[in-house]
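These notes concern the structure reproduced below.
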Amino acid sequence: MKTLRFVLEAYRKNVRWTLVGVVSSLLGTACQVVIPVFFKLVIDELSPEAEVHRGIAAWGEGVVRALVGEQADVAVYIQASLGVAVAFAAALAVATFYKRYYLIRLSRKVEYELKKEMYEHLQNLPGRYYDAKRSGGLMSLMTSDVEAVRMMIGPAIMYLSSTLLLTPAALAIMLTLNATLTGFALLPLVGLALATLYFSPRVRRYSTLAQEDLEQISARAQENFAGARVVKAFAREEFEVRELDRLGEKYYRNKLAQARNSAFYGASIFVFGGLGILVILYFGAREIAASRFSIGDFLAFTLYNVQLYWPMIAIGWVTMLFVRGAASLERIFALLGEKPDLAQLPGGKRMTLRGEIEFRDVSLVYKEGSRPALDGVSFKLAPGRTLAIVGPVGSGKSSIANLLLRLIAPTSGAIFIDGIEIEKIDPVCLREQCGYVPQDSFLFSESVQDNIALGLRDDDAREQKVREAAKNAAFAEEVESLPSGYDTLLGERGVNLSGGQKQRAAIARALAKQPRIVVLDDCLSAVDTRTEDRILRALKQQTAGVTTLIIAQRISTVAHADEILVLDGGRVVERGTDESLRAKGGLYADLARRQELAEELA
Ligand code: ADP
Ligand code: MG
């Protein structure tokens, strides 16, 4: 139902293209149908006992006579008949062009718009949607599923419209030529249709299965190559090869079954086609002998019979296009029906932030029924001050950062920035002014420069800002030593950075846009303490007056903060300055003592 509505809507929105396409298709089919008539006229003119023409043949004769007159001699009559046939063939060519051009154009437009809508929708879906989906699945939704819908919109209607006219028209003409013979000739055609209905779903099923196998093989191989080091380190090569072998064999078997079915199908087309000729030859000859059928009729009849092959094959094909398109459209609708994250949608107050942050009794439950990730967290941070959060893994530190950026919404409680509830602030505006370094930052396969400039608008100072930020992230010297400096490509097409370098690139990216609030989520874990010290000092200088939220495992990272929260199991268990917390002798003091001991030992 929804599929039908979508398809009709697509035609309605592009009604002019649809009309041109369908009308061209019908006109072309009409030309195709009348052409054999003129061949018949030519042949019959040559046979001495040519009889009176009936039906459409009478019309064709009328056309030719109108051109050459009643008394024209045989040669002129034949030339005129062939000329008319050629004219119809030329018209058929032109109509075919318009049919294909406009219907394919229409389907490409639908494809383009659908992809755009899906992509835009995906941008507004919450992060947890992506957590639950394999990116390969999303890719095939954007490619092969959209392609299936395109095939349903364009080619399917193309074949459907011509088939719907061609079949009855050709049959009707055949009936006027010779009713008995038509009855006999229909039998092989019905056989062809049945073969299509039998084989075509089988070919499709095995082809789909093979396609799925292939996707699994690619996904497996891709993971294997990406994780090649891990595979080797754990001596898993043999297992991986066996696994791929198993998938490969399944693929092979399905492909083979597909080939077997399409080979049988191809053979049956020949068999029924041959049977058709045989039937027409046998019964046609008898009809000719009985003078109920001319040689010209015989030729035309054979041509119509051949014209009817394709519609019989197209039945299966068009059905397949619709079934597949509907299934794909269903998946696409499921994606488009996913609720966008309200926190992601633009809208709300746009303002320049001063940088005051307040969490008021904030709790967060990720999945209903599970233990809260945060439980009644409250703190207030004046503009320009630095708040540090420490705590064991899983204590809820990153959740606080995500809440502040509105990447997720709290289950209860409220978050304020500059005294305004965070839901009322435009998320884009908020994020533009927040320099966020996530725990595992992602670098794009672009140049160092473009990666750092990710949050920048294009302006003249871009390069200057990138360099400045790299310096403040203690990354500048290393960038200079890369093969092409700031233009060095990263990732799959370029160099790989070390963990510490990646972290500093991410810090530079956050600093480059000169944010009002900086959020550093455990982003110094992969650099040594000396570099950390350098970064922190540079940071302190550059972010003087910038509100900073710094999340860390290491006490040394947070010691300088104005206030420190110690988080455990989603609750704030201690708060104070480095000094007061050490004096208190709680979790923080304990953590500090152990880390200093470890450092001394190292
Ligand atoms: P930390 O940064 O201190 O290690 P997190 O804030 O990442 O802690 O996580 C806090 C708790 O919330 C953990 O128990 C974690 O398993 C859970 N959690 C984090 N992210 C998600 C998520 N996207 N879905 C479900 N649970 C999550
Ligand atoms: Mg974390």
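These numbers come from a predicted model, not from an experiment. Every number for a ligand or one of its atoms is a count from 1 in the order of the listing.
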Counting only heavy atoms not in [X], do more than 12 fall under 6.0 Å of its [atom1]?
X	atom1	answer
K471	NZ	no
E237	CD	yes
Y112	OH	no
Y252	OH	no
E330	CD	no

Protein contact to atom 27 (C) of ligand 1 [nearest heavy atom, distance to 0.1 Å]: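 Checked against all protein heavy atoms, atom 27 (C) of ligand 1 sits closest to Y366 CD1, 3.2 Å.
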For atom 13 (C) of ligand 1, find the nearest protein heavy atom and state the residue, atom name and distance (0.1 Å precision).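 Answer for atom 13 (C) of ligand 1: G394 O, 3.8 Å.
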Do you see a protein non-hydrogen atom under 4.0 Å from atom 15 (C) of ligand 1?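 Within 4.0 Å of atom 15 (C) of ligand 1, no protein heavy atoms are found.
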Nearest protein heavy atom to atom 5 (P) of ligand 1: under 4.0 Å?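 Answer yes: something from the protein, a heavy atom, is under 4.0 Å.
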Only pairs at least two apart or in different chains count here, so list each side-chain hydrogen bond (donor to acceptor under 3.5 Å, both in side chains) that has a residue in residues 369-390.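 Sorted pair list: D375-R571.
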N or O contact, A373 vs ligand 1, cut-off under 3.5 Å: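 By distance alone, the answer is no.
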Does K367 reach ligand 1 with a nitrogen or oxygen that is under 3.5 Å from one of the ligand's nitrogen or oxygen atoms?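 In this structure, K367 places no N or O atom under 3.5 Å from an N or O of ligand 1.
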Among S398, G396, S395, which residue places a heavy atom closest to atom 7 (O) of ligand 1?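 Of the listed residues, S398 has the closest heavy atom.
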Atoms of ligand 1 close to S399 [distance to a heavy atom under 4.0 angstrom, numbered from 1]: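 Once the distances to S399 are compared, the set is 5 (P), 6 (O), 9 (O), 10 (C).
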Side chain proximity check, R204 to V323, heavy atoms < 4.5 angstrom: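 The answer is yes; the side chains approach within 4.5 Å.
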Are N451 and E446 linked by a side-chain donor-acceptor pair shorter than 3.5 Å?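 E446 and N451 do not have a side-chain donor-acceptor pair below 3.5 Å.
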Would you kindly check if the NZ (Lys) or CZ (Arg) of K255 is within the cone defined by 45 degrees around the ring axis of Y206 and under 6.0 Å from the six-membered ring centre?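 No.
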Kindly indicate whether a cation-pi arrangement holds for R236 with F234, taking the cut-offs as under 6.0 Å to the six-membered ring centre and within 45° of the axis.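 The answer is no, since R236 fails at least one limit relative to F234.
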How many N, O or S atoms of the protein are nearer than 2.8 Å to the Mg ion (ligand 2)?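 Under the 2.8 Å cut-off, the count stands at 2.
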Applying a strict 4.0 Å limit to heavy atoms, is P392 in contact with ligand 1?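 Checking ligand 1 against P392, which is what was asked, there is a heavy-atom contact under 4.0 Å.
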Residue-ligand contact G391/ligand 1, heavy atom below 4.0 Å: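 G391 does not count as a contact of ligand 1 under the 4.0 Å cut-off.
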Parallel, tilted or perpendicular, judged at 30° and 60°: which one describes the rings of F379 and F359?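 Aromatic pair F379/F359 classed parallel.
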